[in-house]
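Below you'll find the structure, written out as structure tokens, and then a few comments.
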Amino acid sequence: MASTSTQPFATADNLILTPVMTLEGHELWNLYSSDGEQHEFKYILCISYFPDGKQMISGSWDKTIWRWDLRKGKENEKDREVFECVLAVGVSRDGQWVVIAGGNGIKVREVETGIVRPFYEDNWICSIDISANSTLLAGGSPREARIWNLDTGDLVAGPFDIGQDFPVALRFSEDSRKLAVSSYFKEHHLQVWDVESQKLDVQRSTHSAMGSSVPIFWTTTDTNIVTVWMIDDLPTMIYEFDASTLKTVGAPFKHTSSIGGLALSFDCALLASFSDHTINLWAFESRQLLASFNVESPRTLVLSPNSRQLAYTSFDDSKIHIYDIPANILASIENVPIPTYIHHLHANILTDLQI
């Protein structure tokens, strides 16, 4: 889906939302900097909805993974897991698998049986994605990316050589034939790989890695990619790229300060993004800014499976804040059918480790 708009719309007024639910329970955690100084943190690193929208999973560096019952607003304690240095969590679209990744590699849990099995333990996994048909799992570790069969754990593609970079975001195309990789070290790289041939189709680079740890998305037709990209001095723009050439398509979505995260609805009708203390909601096709909301120091942002709620975590606390998207915003995009699932991947902690 490519936009025909050539100029962004005017900004909307900033509003304040009241959360309909606040989930809390994760503990504070500590991290030592290179000089040996201890730093205390509160925030939750990653969250992901289950496809039915009734549950959520969260991961923190307090060494726990929590599974939340959103109908009751509390944790399912029997499903709590221990995992050190988590960087990403995800749930397959069929609801069968929960995937946890980070410093201990990858761990996969079958939802129905509760059976947990180590999946890959040879390296840090910085980012993950699960294919739309719930059969493939992509994982990115320093300098490479791999693809496994989610059911058997067998390696089916890779490793893909992404250079001396950290893969901060991965995304399968809807047909699972392509894998988009966003990575950085001294530069920010955007790549598209062919899964079957295991060859690099196209790559684009920019001079700085700032702002590169946000998610990457495909549009519904598998022709374009959406992510934050820095062309000038700061990562204040969200661009749509032609996946075959990585040339920009249409007008960018513009923030006034560095963008820290974004989420795109499965039907590409609604885009959410944040910078500083503001979350923006956009009509994706027209690039119209529908609303801006004042929030406290957002860290991670996701949309609910039906795109009627948004949830975010904050640098300032260890809570998950869930809000209803205003009815007038939903009405403005209701001509596009609301899907049953949003495919999302969240930013990771790599940027935060640069203390």
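Keep in mind that what you see is a predicted model, and the values were worked out from it rather than measured. Count residues from 1 along the sequence.
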Nearest heavy-atom approach of L330 to S307 is CD2-O, 3.6 Å
Can S318 and H26 be counted as having a side-chain donor-acceptor contact under 3.5 angstrom? no
Test salt bridge (Lys or Arg N to Asp or Glu O under 4.0 Å) on D317 and K319; report intermediate values, then the result. CA-CA 6 Å; D317 58 42; K319 303 175 183 179; 5.2 Å; no
In the structure I gave you, are the side-chain heavy atoms of L23 and L70 within less than 4.5 Å of one another anywhere? yes
Could you tell me the separation between the OG atom of S58 and the CD1 atom of I320, rounded to the nearest 0.5 Å? 4.0 Å
One thing to verify: whether D194 and K178 come together as a salt bridge, which I'm taking to mean a side-chain N less than 4.0 angstrom from a carboxylate O. yes
Are L310 and I322 close enough that some pair of their side-chain heavy atoms sits under 4.5 Å apart? no
Hey, does V295 have a side-chain heavy atom less than 4.5 Å from the side chain of Y312? yes
Inspect the surroundings of CD in E110 and state if more than 12 heavy atoms from other residues, nucleotides or ligands are less than 6.0 Å away. yes
Taking atom CD as the centre, does Q203 end up with more than 12 heavy-atom neighbours from other residues, nucleotides or ligands that are less than 6.0 angstrom away? yes
I'd like to know if the side chain of S134 pairs up with that of W97 as donor and acceptor (distance under 3.5 Å, no hydrogens or angles considered). no
Between K107 and E81 (salt bridge meaning N to carboxylate O under 4.0 Å), is one present in this structure? yes
Pairing residues for F83 by the ring-ring contact (aromatic ring centres under 6.0 Å, His included) criterion, not counting sequence neighbours: none
Is any side-chain heavy atom of V226 closer than 4.5 Å to one of T219? yes
Please report the interatomic distance CE(M56) to OG(S304), rounded to the nearest 0.5 Å. 8.5 Å
N104 and E84: side chain donor to acceptor below 3.5 Å: no
Applying the side chain to side chain contact (heavy atoms under 4.5 Å, CB included) criterion to I216, which one of L262, V168, I225 satisfies it? I225
Quick one about S273 and H255 (side-chain donor to acceptor, distance below 3.5 Å, no hydrogens or angles considered), yes or no? yes
Is the CZ atom of R80 crowded by more than 12 outside heavy atoms at less than 6.0 Å? yes
Nearest heavy-atom neighbours spanning G260 and V214: O-CG1, 3.2 Å
Value rounded to 0.5 Å, distance of CG in L271 from CG in L281: 8.5 Å
So is R287 actually on top of F284's ring, under 6.0 Å and inside 45° of the axis? yes
Contact summary for T256 and T236, nearest pair of heavy atoms: C-CG2, 4.3 Å
How close do S275 and I259 get, heavy atom to heavy atom, and via which atoms? CB-CA, 4.0 Å
Could you check whether S183 and H189, counting side-chain N and O atoms only, form a donor-acceptor pair closer than 3.5 Å? no
Would you say that V99 contacts I106 through its side chain, given a criterion of any heavy-atom pair below 4.5 Å between the two side chains? yes
Should F166 and W124 be marked as a ring pair (Phe, Tyr, Trp, His ring centres under 6.0 Å) after you check the CA-CA gap, both sets of side-chain angles, and the distance that decides it? CA-CA 10 Å; F166 294 96; W124 280 73; 9.5 Å; no
Are the ring centres of W229 and Y239 closer than 6.0 Å? no
Test log, rule side chain to side chain contact (heavy atoms under 4.5 Å, CB included), inputs S141 and R146: CA-CA 8 Å; S141 56; R146 291 177 169 84; 3.9 Å; yes
Should L28 and W66 be regarded as members of a common hydrophobic cluster, given that ILVMFWY residues are connected when their side-chain heavy atoms come within less than 4.5 Å of each other, either directly or indirectly? no
With a 3.5 Å cut-off and no angle check, do the side chains of S205 and H188 form a donor-acceptor pair? no
Do you know the tightest heavy-atom contact between V89 and V86? CG1-CG2, 4.1 Å
Do I44 and T300 have side chains that approach each other closer than 4.5 Å (heavy atoms only, starting at C-beta)? no
Are V116 and Y120 linked, directly or through other ILVMFWY residues, by side chains that come within less than 4.5 angstrom of each other? no
For the residue pair F41 and W61, is the inter-centroid distance of their aromatic rings smaller than 6.0 Å? no
Flag for D242-S244: side-chain donor and acceptor within less than 3.5 Å: yes
Are the side chain of E174 and the backbone of D222 linked by a donor-acceptor contact shorter than 3.5 Å? no
Distance under 6.0 Å and angle within 45° of ring axis: R171 vs F217: yes
How far apart are the closest heavy atoms of I128 and G90, and which atoms are they? CD1-N, 3.9 Å
R67 CZ to D79 CG distance, which is reported to the nearest 0.5 Å: 4.0 Å
Euclidean distance, T313 OG1 relative to H321 NE2, rounded to 0.5 Å: 8.0 Å
Test item: side-chain donor near acceptor, Q191 and W193, under 3.5 Å: yes
Looking at R71 and D69, does any basic side-chain N land under 4.0 Å from a carboxylate oxygen? yes
Would you give the length of the straight line joining atom CG of L45 to atom SG of C85, rounded to the nearest 0.5 angstrom? 10.0 Å
